[in-house]
Chemist: 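Starting off with a structure, shown below.
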Amino acid sequence: MEKKMKVAVMNGVGKMGFVEREIPQPADNEVLVKLEYVGICGSDMHYYETGRIGDYVVEPPFVLGHEPGGVVVEVGKNVTHLKVGDRVALEPGKTCGHCEYCREGKYNLCPDVVFFATPPVDGVFQEYVAHEAALCFKLPENVDTLEGALIEPLAVGFHAANQGGAHAGQTAVVFGAGCIGLVSMMALKAEGVSRVYVVDIMQKRLDKAIELGATGVINSMNTDVQEEIGRLTEGKGVDLVIETAGMEVTTRQAIHVTKKGATIVLVGYSKTGEMTLPLSLALDKELTFKTVFRYRHIYPMAIEAVASGKVNLKGIVSNIFNFDDIQAAMDKSVSDKANIVKSVVKIG
């Protein structure tokens, strides 16, 4: 095997480039994965546009990308459940395993997590990565590495559905038809939610939602969301809302369109981190608010949902860019959000 690999680095706001680095050697509990596809996440775009997310500040050169799928090419001596040639989806966050959150099984809340593409930890827009084998999930024969790369965002959708207690017989609304909104909608459908409506202002994304199985869509640019949900539910309101847009207006709408005793799951981050909401109405309705931070114990469930055909994961992909075109991939993903639903970089 060659000793060097190509790595795409962010050299500054809006600036991508390439460097060569040593191919990592897997530790005893790791595998070396030749990456084939890596998705471009909203957080990647935000780092690329602004150089930071909250207290996480990019120090160039920095490697973006945390949605990887690839093939095992080398196995550490203590690894028994994977072999060379296995196709895998990589869960990008390694936790300490010892804190109270890890011991309780809520490892996504671990304060010492090492997560791809979260400064100062590099991501995986590169040809190879050595990763803990326990966080590499073997893909079934009918699930390829493109789908493997998209298991990461799908895991967010399933975690949101689980946080909301999604089940058959419910009616739900998803605010936002970006990648996370679409995977949340598909997760709700996979978990048996009877009717799922999707709200957005971009018609192309709403068309994609219909294509992927939404019961109906609402373009809030030209339709009163509250009135339309009232019409669709005969004035009852919905049982469950998943809010992925991170907007105050949509979060306020979520409170208005729910029935009494309903649940609202907050997934999207607002730009300022703060909102003014009609909490008196939420109190009168005795709403339950749940929030989402990444996911936990979801990858096997998400992979099975794709393998069984319950989730059309490839359907969210609107654009595939070659690795050599990483600058264009980032630029277009940022500048053409009305047309690009989900971009993926083909590494190999």
Side-chain angles (χ1 to χ4, degrees), residues 29-31 33 39 41 43 66-70 72 78-82 86-118 121 124 129 131-140 143 145 147-168 170 172 174 179-193 240 242 244 263 265-268 288-311 313 316:
N29 65 336
E30 293 181 332
V31 293
V33 178
C41 177
S43 65
H66 66 259
E67 300 177 356
V72 175
N78 293 339
V79 177
T80 58
H81 71 287
L82 293 171
D86 283 345
R87 291 168 297 107
V88 290
L90 286 67
E91 185 169 340
K94 179 181 178 181
T95 57
C96 76
H98 306 296
C99 69
E100 61 175 304
Y101 303 104
C102 287
R103 293 198 308 270
E104 291 173 356
K106 299 177 181 178
Y107 66 83
N108 59 314
L109 304 181
C110 174
D112 295 319
V113 65
V114 176
F115 199 91
F116 289 155
T118 302
V121 182
V124 288
V129 67
H131 198 46
E132 187 171 315
L135 297 173
C136 297
F137 294 83
K138 185 177 178 180
L139 299 172
V143 179
T145 53
E147 293 163 310
L150 300 170
I151 294 297
E152 200 277 341
L154 179 59
V156 176
F158 268 108
H159 187 44
N162 291 349
Q163 287 285 81
H167 59 78
Q170 290 182 313
V174 176
C179 174
I180 297 301
L182 292 174
V183 293
S184 296
M185 179 273 292
M186 290 193 288
L188 290 170
K189 297 288 287 188
E191 294 196 350
V193 176
L240 173 61
I242 296 182
T244 73
T263 298
V265 183
L266 302 176
V267 183
T288 296
F289 287 87
K290 302 284 282 187
T291 60
V292 162
F293 183 69
R294 295 172 180 159
Y295 39 77
R296 54 180 176 261
H297 311 295
I298 298 290
Y299 265 54
M301 173 196 301
I303 291 170
E304 171 58 28
V306 177
S308 66
K310 290 182 179 179
V311 171
L313 201 45
I316 68 171

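Values below: all heavy atoms of this structure, side chains included; hydrogens, waters and symmetry mates excluded.
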Chemist: How far apart are the closest heavy atoms of Ser43 and His66, and which atoms are they?
Modeler: OG-CE1, 3.2 Å
Chemist: Which heavy atom in Ala166 sits nearest to a heavy atom in Leu188, and how many Å separate them?
Modeler: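 Where Ala166 meets Leu188 most closely, the heavy atoms are CB-CD2, 3.6 Å.
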Chemist: Applying side-chain hydrogen bond (donor to acceptor under 3.5 Å, both in side chains) as the test, list every pair that has at least one member in residues 183-192; sequence neighbours left out.
Modeler: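 Matches after skipping sequence neighbours: none remain.
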Chemist: Hey, is the main chain of Lys138 close enough, under 3.5 Å, to the side chain of His81 for a donor-acceptor pair?
Modeler: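 No.
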Chemist: What pairs meet the side-chain hydrogen bond (donor to acceptor under 3.5 Å, both in side chains) rule with one or both residues in residues 293-309, with sequence neighbours excluded?
Modeler: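 Checked against side-chain hydrogen bond (donor to acceptor under 3.5 Å, both in side chains) - neighbours excluded - the pairs reaching residues 293-309 are Asn108-Arg296, Glu152-Tyr295.
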Chemist: Knowing that exactly one of Asn162, Ile242, Thr291 qualifies, which makes a side chain to side chain contact (heavy atoms under 4.5 Å, CB included) with Val265?
Modeler: Ile242
Chemist: Within the structure provided, determine whether Phe137 and Ile303 are in side-chain contact (heavy-atom separation under 4.5 Å).
Modeler: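 Sidechains of Ile303 and Phe137: in contact.
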Chemist: When rounded to the nearest 0.5 angstrom, what is the spacing between CG in Leu150 and CD1 in Ile316?
Modeler: 5.0 Å
Chemist: Using modelled atom types and a 3.5 Å cut-off, is there a donor and acceptor pairing between side-chain atoms of His131 and backbone atoms of Glu91?
Modeler: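 Flag set: sc His131 to bb Glu91 pair under 3.5 Å.
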Chemist: Can you tell me how far CG of Asp112 sits from NE2 of His98, rounded to the nearest 0.5 angstrom?
Modeler: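 Between atom NE2 of His98 and atom CG of Asp112 there are 10.0 Å.
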Chemist: Nearest 0.5 Å, what's the CD1-CD1 distance between Ile151 and Ile298?
Modeler: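 So the CD1 of Ile151 and the CD1 of Ile298 are separated by 11.5 Å.
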Chemist: Mind checking what makes salt bridge (charged side-chain N to carboxylate O under 4.0 Å, His left out) contact with Glu132, not counting sequence neighbours?
Modeler: Lys94
Chemist: Side-chain contact test, heavy atoms from C-beta onward, threshold under 4.5 Å: evaluate it for Val129 versus Phe116 and give yes or no.
Modeler: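 When only atoms from C-beta onward are counted, Phe116 and Val129 do touch, with a gap below 4.5 Å.
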Chemist: How about CZ on Phe289, more than 12 heavy atoms from neighbouring residues, nucleotides or ligands closer than 6.0 Å, or not?
Modeler: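 Yes, CZ of Phe289 has more than 12 neighbouring heavy atoms, counting only those of other groups under 6.0 Å.
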Chemist: Would you compute the distance between atom CD of Gln163 and atom CG of Leu266 and round it to the nearest 0.5 angstrom?
Modeler: 10.5 Å
Chemist: What heavy-atom pair brings Val183 and Pro153 nearest, and what distance separates the two atoms?
Modeler: CG2-O, 3.4 Å
Chemist: Looking at SG of Cys110 and CD of Glu104, how far apart are the two atoms once the value is rounded to the nearest 0.5 Å?
Modeler: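 Result: 12.0 Å between the selected atoms.
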Chemist: Testing the basics here: between Leu139 and Val143, what is the closest heavy-atom pair and its distance to 0.1 Å?
Modeler: CB-O, 3.7 Å
Chemist: Are Cys136 and Leu82 close enough that some pair of their side-chain heavy atoms sits under 4.5 Å apart?
Modeler: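 Result yes, sub-4.5 Å side-chain heavy-atom pair found.
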Chemist: Restricting to non-hydrogen atoms, name the atom on Gly70 and the atom on Thr145 that form the minimum distance, rounded to 0.1 Å.
Modeler: O-CG2, 3.5 Å
Chemist: Identify the heavy atoms of Gly164 and Thr263 that sit nearest to each other, and give their distance.
Modeler: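 Closest approach of Gly164 to Thr263: CA-CG2, 4.1 Å.
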